[in-house]
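Take a look at the structure below.
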Amino acid sequence: MRRQRIVALTRRRLAVTTATLALAAALSAAAGILLGPVHIDWRAALADPAGIDATIVFETRLPRVVMGLLAGSGLSVAGLAIQALLKNPLAEPFTLGISSGASLGAILAIRFGLDLEIAGIGALPLLSFLASLATVGIVYALARQGTALPVSTLLLAGVTLSFFFGAVILFIHYLSDYGQSYRFVRWMMGAIDVAGYGPAISAAPLLVLGVLMLFSLARPLNLLAAGDLFAASRGVDVLAAQRWVFVGASLITGAIISVCGPIGFVGLIVPHVTRLLFGSDHRLLLPAAALIGAAFLVLCDAVARIAVPPLEIPVGVVTAMLGGPYFLFLLRKARARVLFGGF
Amino acid sequence: MSALLEVDGVSFSYGTATTLRNISFAVGSNDLLALIGPNGSGKSTLLRIAAGLMRPDSGVVRLAGASLASLSRRAIARRIAFVPQETTVAFPFGVGEIVMMGRYPHLSAFGFEGERDAQVAREAMAATETLHLADRSFAELSGGEKQRVLIAAALAQEPEILVLDEPTSSLDLHHQVGIFRTLLRANERGLTIIAALHDLNLAAGYCSRLMLLDSGAIAAIGAPRDVLTETRLAAVYRTAVRLLGLPDGAFFVVPKYQRGSAT
């Protein structure tokens with residue numbers, strides 16, 4: 001028999017790729033700390049903890065970088081998993097209605113001026129997180145049919161609920177005063193310009209839990225991406241795998257959106273870039289997308305800060321304006337046929 | 001003889017439409033059984049229930065005596081592989097990756113495929129004449145190549161029973177014969193095969209036993225000669241047919257052509 005190599009992922013390839021991308025993420029984190037409208041001296045920041053350089057580094061820039069790393073990696077991992085779950089390369093973390101639910105929670109908190117804090121977490125992120133989870137719960141309950149979770153029904157239920165909530169949001173928005181309206185519009189733009197470490201700390205536990213859940217589902221995700229019946233025939237408990245992917249991606253997305261607002265584009269584009277670079281095996285794609293997404297969002301936030309000083313562009317604007325053309329370039333190069341497989 | 005796979009009193013309905021009525025049959029080790037019958041007679045549903053992919057409304061399927069309902073999907077997949085009629089793969093997986101996925105039920109959750117898994121996958125690809133496609137993208141293959149790769153993935157599962165739904169529909173003559181050559185070789189090495197087939201002549205020519213389904217019930221089961229009779233086929237398919245024999249013993253089912261009878 002001719003000795004043909006069967007291409008499969010090896011531990012070595014996984015380790016080398018992950019280490020390289022981790023280095024890139026670390027470099028972009030360093031750039032995110034050092035770059036900004038105000039020049040800082042990192043030696044002075046380390047030498048004098050009470051000095052102005054240290055204050056900027058540790059109280060302004062580092063919290064943003066940490067939030068950017070968390071949100072960028074989380075949205076990318078959730079987007080990758082949702083695309084595999086729905087077998088649809090145009091899906092992203094917000095496809096199943098989660099952002100409309102979170103936005104509804106946010107505008108309710110703003111409209112009714114809820115300023116209470118529960119365990120150090122403000123009413124807005126709390127309400128928006130609870131509304132996002134309620135939304136995915138409704139979508140799941142609507143789509144589930146006995147022992148099956150038909151992907152097309154899931155998609156339709158998510159999109160329809162998004163439209164419904166969108167109308168409710170517009171109605172409340174219409175009734176809001178100017179100040180409330182402005183706050184809501186700013187929230188909808190999405191931003192990681194967090195104050196202090198509170199938001200990152202409150203989002204981190206659920207985000208990390210969701211990411212670990214998805215990482216543990218890497219192999220079933222490969223088979224789900226190849227087809228539900230294909231996966232079942234190879235021994236995957238399809239409904240259980242779908243449910244855990246859905247729960248994991250929802251926890252991640254809900255945790256991020258509740259503190260950052262809906263940051264678009266990262267969860268759609270980073271998974272595609274990762275697939276173009278590294279193929280289709282989720283054991284490699286999940287960590288790679290997490291690191292690429294982390295580096296990408298931190299760099300976009302640095303650009304948002306320094307592009308038109310002293311103003312700051314919302315980071316969602318930068319992700320789309322930088323990521324869009326780059327993605328179109330990759331698309332041209334790789335040909336849509338390869339990218340979209342059987343579609 | 002104890003049966004390897006035993007379907008016992010299985011009934012199933014989609015909503016109010018009864019698809020299978022009280023089906024019982026057994027498949028022995030190393031059998032090659034073809035399921036034949038008109039469109040909508042319940043072949044695909046019965047195959048999925050027999051492969052443990054769907055639960056029957058009533059009745060039980062036993063694998064070497066153990067009810068499939070008591071086994072996990074993974075445990076079933078180590079022993080029964082299923083190849084559906086059509087498979088669309090949404091993402092650009094490589095052919096090698098698709099075949100390697102057949103190893104899924106044998107690996108732990110975080111396991112990486114080892115040299116033995118690669119060896120099994122290579123043998124499955126050699127048996128299906130797909131080794132030369134290993135580096136191609138699955139989505140780029142022709143229909144016949146895709147079907148052979150999917151059979152390779154099923155063989156890489158190292159199952160005792162291979163269940164196929166219309167493996168040769170939409171394939172040309174050359175590829176039909178190629179698929180059956182592959183299946184016969186695997187059968188000779190001990191694999192039990194159950195396949196739904198549209199083409200009565202392929203079924204009669206290649207399979208040792210036929211099972212004819214009619215509106216969700218078994219109309220006949222046995223050797224091709226005994227199952228395929230002109231009167232029975234005319235009744236089940238509601239079409240007049242002829243059996244034509246050749247001197248070498250082969251025989252063929254053809255519809256009774258009535259050219260010009262319309263005038």
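A note on names: the letters A, B, ... follow the listed sequences, proteins ahead of strands, and every chain is numbered from 1.
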As an exercise: rank A/A226, A/A218, A/A84 by heavy-atom pairs under 4.5 Å with chain B and give me the winner. A/A226
Bottom line for B/L53: the part with an atom under 4.5 Å from chain A's heavy atoms is side chain
Atom CZ in A/R234, atom CE in B/M100: separation rounded to 0.5 Å? 14.0 Å
At a 4.5 Å cut-off on heavy atoms, which part of B/A75 comes close to chain A: side chain, backbone, both, or neither? neither
Mind checking whether A/V236 and B/R73 have side chains closer than 4.5 Å, heavy atoms only? no
Distance, nearest 0.5 Å, that separates OG of A/S233 from CZ of B/R48: 8.0 Å
Contact class of B/R55 relative to chain A, heavy atoms under 4.5 angstrom: neither
Worked verdict on A/L229 versus B/F82 for side chain to side chain contact (heavy atoms under 4.5 Å, CB included): CA-CA 9 Å; A/L229 193 53; B/F82 178 73; 3.9 Å; yes
Examine whether an atom of A/V238 lies under 4.5 Å from a heavy atom of chain B, and if so say whether it belongs to the side chain, the backbone or both; otherwise answer neither. neither
Would one find more than 12 heavy atoms of other residues, nucleotides or ligands at under 6.0 Å from atom OH of B/Y14? yes
Within a strict 4.5 Å, meaning less than it, do heavy atoms of the A/D281 and B/E97 side chains meet? yes
Under 4.5 Å from any heavy atom of chain A - which part of B/A154: both
Taking the side chain as everything from C-beta on, heavy atoms only, tell me whether A/N222 gets closer than 4.5 Å to B/F91. no
Bottom line for B/I98: the part with an atom under 4.5 Å from chain A's heavy atoms is both
B/F112 six-ring centre to A/R283 NZ/CZ under 6.0 Å and within 45° of normal: yes
Between chain A and each of B/R78, B/R103, B/Q157, count heavy-atom pairs under 4.5 Å; write down the option with the most. B/Q157
Is the shortest heavy-atom distance from the side chain of A/F230 to the side chain of B/P84 under 4.5 Å? no
